[in-house]
There are 2 protein chains.
Amino acid sequence: MTTSLLRVPPPQGLLRPLAVPERLLLGPGPSNVPPRILAAGGRQLLGHMHPEVLQVMDEIKVGIQYAFQTQNQLTLAISGTGHCAMEAALLNLLEHGDTVLVAVNGIWGQRAVDIARRLGADVHELLKPPGEYFAPWDIEEGLARHKPSVLFITHGESSTGVLQPLEGLGELCHRHGCLLLVDAVASLGGAPIFMDQQEIDVLYSGSQKVLNAPPGSAPISFSERAREKMLRRKTKPPSFYLDMGWLANYWGCDGEPRRYHHTAPINSFFSLREGLAVLSELGLESSWERHRANCTLLCQGLRDLGLELFVKEEKVRLPTITTVRVPEGYNWKEITAFLMDNHAIEIAGGLGPSAGKVLRIGLMGCNSTSGNVERVLRALRDALSHLRRSRL
Amino acid sequence: MTTSLLRVPPPQGLLRPLAVPERLLLGPGPSNVPPRILAAGGRQLLGHMHPEVLQVMDEIKVGIQYAFQTQNQLTLAISGTGHCAMEAALLNLLEHGDTVLVAVNGIWGQRAVDIARRLGADVHELLKPPGEYFAPWDIEEGLARHKPSVLFITHGESSTGVLQPLEGLGELCHRHGCLLLVDAVASLGGAPIFMDQQEIDVLYSGSQKVLNAPPGSAPISFSERAREKMLRRKTKPPSFYLDMGWLANYWGCDGEPRRYHHTAPINSFFSLREGLAVLSELGLESSWERHRANCTLLCQGLRDLGLELFVKEEKVRLPTITTVRVPEGYNWKEITAFLMDNHAIEIAGGLGPSAGKVLRIGLMGCNSTSGNVERVLRALRDALSHLRRSRL
């Protein structure tokens with residue numbers, strides 16, 4: 001090599017080792033990943049069309065069918081994070097001019113509105129203040145008034161800590177000729193959901209919460225009704241990467257020979273497969289019960305500390321993420337910083353409509369243990385006493 | 001728990017251990033991942049907004065600036081595979097009705113046409129048979145005739161093994177008021193590219209080829225000209241996940257405080273950071289030279305076996321992926337299957353317009369070694385003698 005043509009030198013920062021401290025992640029996700037699942041993600045690569053990878057994809061598919069309690073053929077994982085699955089759901093279901101009704105009581109409804117507007121849909125919002133949920137009559141009124149072809153609703157509102165009851169909503173939607181699209185990113189595996197029995201048409205989640213895998217892949221499933229709507233599309237979806245026709249083939253859901261579509265995030269699939277295996281071994285009902293029990297323990301402990309839970313009714317509290325009002329006289333940022341600096345524990349402040357109002361504590365997957373409940377309560381007590389003292 | 005409400009039982013397949021055999025991946029990617037980079041991807045999670053993760057993102061940014069040879073502020077990694085970066089480039093640059101010219105001489109041009117049409121662009125194709133490349137006058141004629149606002153061209157055509165010369169194309173495009181968009185998924189780090197000096201406006205790549213990381217994140221960068229076109233958009237891009245305005249903020253490219261956008265694939269970023277670190281330590285020029293030298297060695301060996309290289313001119317042969325005609329009387333599938341079954345080596349058949357015509361052998365990143373050249377040549381010789389024998 002004679003004179004170098006390079007104008008940009010090798011960056012110094014990259015010549016230092018990667019630093020990843022150990023932390024207990026009790027925020028709204030990602031959650032900590034157990035060694036078995038990390039190890040799966042650290043396995044050597046295979047080609048994206050090798051039979052072993054296709055088998056892993058098949059196993060993911062049945063794992064999602066189990067976690068979602070569905071027999072839908074069109075069940076697969078998106079090659080992106082939970083947010084990407086939200087886009088995949090909306091952009092495959094909606095066409096320019098379609099009417100969609102979005103139930104907004106936190107950030108995820110707001111996001112769905114943003115995405116649906118980008119897609120040229122006629123978007124109507126059904127609003128509730130953060131911390132509240134939708135009753136069947138709220139939904140029914142919205143369906144009757146706006147006559148949407150799709151209703152979007154969030155099962156686990158991670159920004160507010162609300163668990164939306166889904167009973168009867170599928171039937172209600174279908175009576176009004178509407179499809180039911182449910183976001184279960186924060187709730188899947190932590191609270192009961194029955195895709196088929198509850199007549200949910202599109203359901204998606206993420207890998208990095210109860211499923212205990214790193215972010216990077218996202219389960220999704222479509223009912224026969226949803227599939228028919230997609231087959232009737234007049235225009236192609238505005239994405240090739242997320243086009244459900246192609247993905248259905250790539251995931252072996254259409255009975256045709258599988259064709260190359262994109263290079264999938266193979267290691268993310270290895271991790272997701274293990275996350276679903278752990279859930280299958282534990283059993284869904286045990287997982288729901290574990291999350292419920294540890295959430296109850298946490299809520300009691302928070303009340304014992306004199307804190308006020310943000311979601312009043314116990315039955316609509318999300319078992320995976322608990323929201324508590326920022327105590328009077330405290331700055332939420334000082335509390336979260338204290339826990340991080342002194343206890344290596346992450347908890348989070350609010351997000352979107354709950355910003356500044358709440359603290360969010362997540363107990364998800366392997367992190368949902370009574371030991372972690374005690375750890376975070378001890379750390380919070382420590383924070384409240386020290387931070388208060390420093391103000392006197 | 002009394003009577004179970006579950007209708008779908010835990011899948012048996014998931015109760016068996018994950019099986020991942022060791023293979024030498026000498027196809028068009030993914031390539032094998034060195035232990036250091038696998039280990040980075042197997043590290044415990046951190047939150048997506050923790051300072052250590054933001055620092056990793058900053059390091060990725062400067063690493064990409066180095067690999068691309070650019071000083072563009074708007075440089076980051078997409079939370080998806082290389083294909084997702086192609087979509088991000090097109091959907092941020094193009095609006096409904098924009099005119100785009102796509103140079104098509106293999107599958108990637110075809111894909112860009114598909115995506116641009118989905119976005120409602122007025123798409124014109126500049127066609128060359130697979131195995132050929134575009135001369136400046138081909139491009140100039142297309143620019144003059146169609147007056148596009150964007151030209152798409154593939155630097156490393158992994159389906160045909162062509163390395164497209166880029167010299168002068170940026171200047172040519174700019175003289176015609178057009179932006180130059182280049183796909184370097186298969187070539188980055190394996191062949192010289194100088195984003196700033198060559199006046200490339202949008203450049204993207206993938207993580208799973210020369211960068212030696214698993215698929216799941218994808219480098220991308222935008223010039224000031226490209227940024228201005230995006231700022232002049234009349235409509236929002238049809239994706240929130242890939243909206244460059246939001247991603248620019250999330251990656252600290254706009255000088256504003258960073259806001260939560262989506263939960264990034266954190267471990268994929270750890271791996272990508274290490275892949276860029278390995279490239280920085282080795283040095284771009286050494287990496288280019290290594291890929292060139294091993295490709296030359298491979299080409300000579302293939303000719304010694306009596307095989308015919310698909311790309312005639314040496315100067316436009318992609319150093320990372322070599323294409324060779326399927327020898328007369330052989331079935332390509334039998335050859336690739338023989339190498340897999342008897343040598344645990346992956347090589348690939350053609351893709352899209354090269355399907356059935358060629359075999360593709362990749363030597364990328366840590367897999368670009370003289371030892372691997374010998375291994376694959378030995379395996380090929382074995383295949384040709386055995387398969388021929390079985391036919392006599």
Side-chain angles (χ1 to χ4, degrees), chain A residues 1 4 6-8 10-11 13-15 18-20 22-23 25 27 30 32-33 38 40-47 52 59 62-63 65-66 69 79-81 83-84 87 114-115 118-119 208 214-216 236 238-241 262-263 265-268 270 273-274 276-277 280 284-285 346, chain B residues 1 4 6-8 10-11 13-14 18-20 22-23 25 27 30 32-33 38-47 52 59 62-63 65-66 69 79-81 83-84 87 114-115 118-119 208 214-216 236 238-241 262-263 265-268 270 273-274 276-277 280 284-285 346:
Chain A
M1 205 68 50
S4 173
L6 303 188
R7 295 283 172 278
V8 181
L14 279 178
L15 305 180
L18 172 68
V20 183
E22 288 281 328
R23 292 202 177 116
L25 303 177
N32 289 97
V33 176
L38 282 178
R43 299 291 291 268
Q44 185 51 268
L45 270 271
L46 293 174
E52 295 84 357
E59 288 165 357
V62 291
Q65 287 172 330
Y66 172 63
Q69 286 294 299
S79 298
T81 62
H83 214 293
C84 197
E87 295 219 342
D114 181 317
I115 296 168
R118 287 168 187 261
L119 297 168
Q208 78 274 16
K236 285 186 185 178
S239 168
F240 179 88
Y241 190 63
H262 70 287
T263 303
I266 299 150
N267 305 45
S268 297
F270 291 167
R273 188 259 184 217
E274 288 301 280
L276 289 163
S280 298
L284 265 179
E285 288 164 315
E346 172 182 57
Chain B
M1 203 69 48
S4 175
L6 302 189
R7 294 283 172 278
V8 181
L14 279 177
L18 172 67
V20 183
E22 289 280 327
R23 290 200 179 121
L25 303 176
N32 290 98
V33 177
L38 282 178
R43 300 291 291 267
Q44 185 50 268
L45 270 272
L46 293 175
E52 295 84 358
E59 288 165 358
V62 292
Q65 287 172 330
Y66 172 64
Q69 287 293 298
S79 299
T81 63
H83 214 293
C84 196
E87 295 220 340
D114 181 316
I115 296 168
R118 287 168 188 261
L119 297 169
Q208 77 275 17
K236 285 186 184 177
S239 168
F240 178 87
Y241 190 63
H262 69 287
T263 303
I266 298 151
N267 305 45
S268 296
F270 290 167
R273 190 257 184 216
E274 287 301 279
L276 289 163
S280 298
L284 264 180
E285 288 165 314
E346 172 184 54

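Numbers restart at 1 for each chain; the letters A, B, ... are given by sequence-line order, proteins then strands. Only this structure's heavy atoms are used, side chains among them; waters, hydrogens and symmetry mates stay out. None of these values were measured; they are calculated from a predicted model.
- Ranking B:Gly27, B:Pro214, B:Gly13, B:Cys84 against chain A, the residue ahead of the rest is B:Cys84, based on heavy-atom pairs under 4.5 Å.
- The greatest number of non-hydrogen atom pairs below 4.5 Å with chain A, out of B:Ser268, B:Pro30, B:Gly80, B:Gly216, is found for B:Pro30.
- In this structure A:Phe240 satisfies the ring pair (Phe, Tyr, Trp, His ring centres under 6.0 Å) test together with A:Trp246, A:His261, B:His83, sequence neighbours excluded.
- Ranked by non-hydrogen atom pairs under 4.5 Å with chain A, the options B:Val62, B:Leu18, B:Asn32 are led by B:Leu18.
- The two residues B:Ser280 and A:Pro11 have their closest heavy-atom pair at OG-CD, 3.5 Å.
- Your options are B:Gln65, B:Glu59, B:Gln69, and the one with the most heavy-atom pairs under 4.5 Å with chain A is B:Gln69.
- Between the side chain of A:Tyr66 and the backbone N or O of A:Leu276 there is no donor-acceptor pair closer than 3.5 Å.
- A donor-acceptor contact shorter than 3.5 Å is absent between the side chain of B:Glu52 and the backbone of A:Ala19.
- Of the two parts of B:Glu346, only the side chain, counted from C-beta on, holds a non-hydrogen atom closer than 4.5 Å to a non-hydrogen atom of chain A.
- For the set A:Leu119, A:Leu6, A:Asp114, A:Thr81, the count of heavy-atom pairs under 4.5 angstrom toward chain B peaks at A:Leu6.
- When the side chain to side chain donor-acceptor pair (under 3.5 Å) test is applied to A:Glu87, the partners found at least two apart in sequence or on another chain are B:Ser239.
- Going from atom CD of B:Gln208 over to atom CG of A:Asn267 covers 11.0 Å, rounded to the nearest 0.5 Å.
- The greatest number of non-hydrogen atom pairs below 4.5 Å with chain A, out of B:Ile266, B:Ile115, B:Thr263, B:Leu284, is found for B:Thr263.
- In this structure, B:Ser4 and A:Glu285 approach most closely via the heavy-atom pair OG-OE2, 2.9 Å.
- Per-residue heavy-atom pair counts under 4.5 Å with chain B were compared for A:His262, A:Glu22, A:Arg43, A:Arg273, and the maximum is reached by A:Arg273.
- In this structure, the portions of B:Leu46 lying under 4.5 Å from any heavy atom of chain A include both its backbone and its side chain.
- Both the backbone and the side chain of B:Leu45 come within contact range of chain A, each with at least one heavy atom under 4.5 Å from a heavy atom of that chain.
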